[in-house]
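The block underneath contains the structure these notes are about, expressed in structure tokens.
Quick caveat: nothing in here was measured; it's all calculated off a predicted structure. Note that ligands are numbered from 1 as they come in the structure, with each ligand's atoms numbered from 1 the same way.
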Amino acid sequence: MIKKDNLDAAKVLFADDKGLLAMDESNPTCNKRFAKLNIPQTVEARRAYRELIVTTPGLGESISGVILCDETIRQQKKDGTPFLKILVDAGIIPGIKVDAGAKDLAAHPGEKITEGLDGLRERLSEYFQMGARFAKWRAVIAVGEGVPSRSCIEANAHALARYAALCQEAGLVPIVEPEVLMDGQHTLERCRKVTEEVLRNVFIQLNCQRVLLEGMILKPNLVLPGSACPIQESVDEVADITVKSLLRTVPAAVPGIAFLSGGQSAELASARLNAMNVRFKSRLPWALAFSFARAIQQPALEIWQGKEANVKAAQQALLLRAKCNRAARRGEYTVAMEKT
Ligand code: 13P
């Protein structure tokens with residue numbers, strides 16, 4: 001039976017125009033981003049970087065929750081204070097990524113299935129005891145010739161729904177993240193079709209597994225042309241088609257939608273979120289918010305470069321992105337904010 005706290009947490013994460021900061025990169029992904037900037041790929045470097053993020057002064061004014069990974073949720077600041085305590089003291093709800101990553105889907109070249117259901121009930125219970133109040137599971141759907149297959153969409157939707165039901169049983173709000181990837185030459189229209197098909201399947205499976213829609217968060221991609229598509233539509237066109245697709249596929253009972261950034265630049269991600277809220281906010285059944293990793297962190301990571309002397313400047317860059325995205329939730333983001 002779903003707990004009342006679970007419903008409250010889903011609402012609190014969207015309150016006051018705040019959003020989520022994803023800092024749940026797996027170790028290999030984090031190492032890859034560090035390697036590009038010549039930052040050592042060590043546990044200590046990852047810890048120091050995550051300390052920079054969670055100790056950013058004022059972060060809680062724009063961020064309601066952060067998504068951690070298994071390594072980070074167990075870590076502490078250099079002085080021994082657990083990251084979990086720092087977050088809770090800053091009024092930020094801790095969440096945890098619980099999937100075990102996207103693996104090759106057998107007999108489906110170029111397609112992935114997200115693993116991690118085995119032993120999930122026990123892991124969720126441990127994370128809840130530690131203080132996590134929401135969780136995340138990401139499915140990835142590639143777009144290409146003959147891809148995605150129906151079987152890939154159905155297998156991933158089924159896994160997302162089984163995960164979400166287990167989360168609600170454990171008292172955690174599930175973030176359900178079916179990501180249609182930007183990689184490729186496909187058009188905006190192709191992304192729209194695939195995104196709608198994926199979301200329809202996801203909600204069929206969520207209903208089938210008896211997931212309470214009021215106690216979950218959807219984390220989808222924006223509807224975008226492939227990054228190698230020669231035609232790149234305007235911010236307003238992307239906003240219009242994204243909202244249209246969501247209205248067709250996402251039930252009104254869902255309290256909020258928190259977009260992933262998926263490789264968009266930080267500024268474009270803010271501008272597109274802003275345009276959706278400017279044009280549609282008063283007419284939508286759900287909140288439109290953010291749960292970005294790269295589009296919040298990347299400028300800060302590039303400034304930090306693994307050096308203690310750069311921590312303050314990196315924190316300022318992180319805070320600026322958090323503020324810009326909170327403004328975008330209100331439809332009040334402007335390019336001028338980037339210069340503050
Ligand atoms: P990006 O915003 O970088 O796409 O990451 C989203 C995500 O799922 C990380 O939790």
| field | Any residue meeting side chain to side chain donor-acceptor pair (under 3.5 Å) with Ser245, in chain and number order, not counting sequence neighbours | value | Glu196
| field | Val176: which of Val202, Leu213, Ile217 passes side chain to side chain contact (heavy atoms under 4.5 Å, CB included) | value | Val202
| note | What one should report as the nearest heavy-atom pair of Ile296 and Phe292 is CG1-CB, 3.7 Å
| said: Using a 4.0 Å cut-off on heavy atoms, what residues surround ligand 1? Order them by chain and number. | reply: Ala22, Asp24, Lys136, Arg138, Glu177, Lys219, Leu260, Ser261, Gly262, Phe292, Ala293, Arg294
| query | Using a distance-only test with no angle check, is there a side-chain donor-acceptor pair under 3.5 angstrom linking Gln264 and Arg272? | reply | yes
| field | Test log, rule side-chain contact (heavy atoms from CB on, under 4.5 Å), inputs Asn325 and Tyr333 | value | CA-CA 7 Å; Asn325 288 311; Tyr333 166 78; over 6 Å; no
| Glu237 with Arg192: basic N within carboxylate O range, under 4.0 Å | no
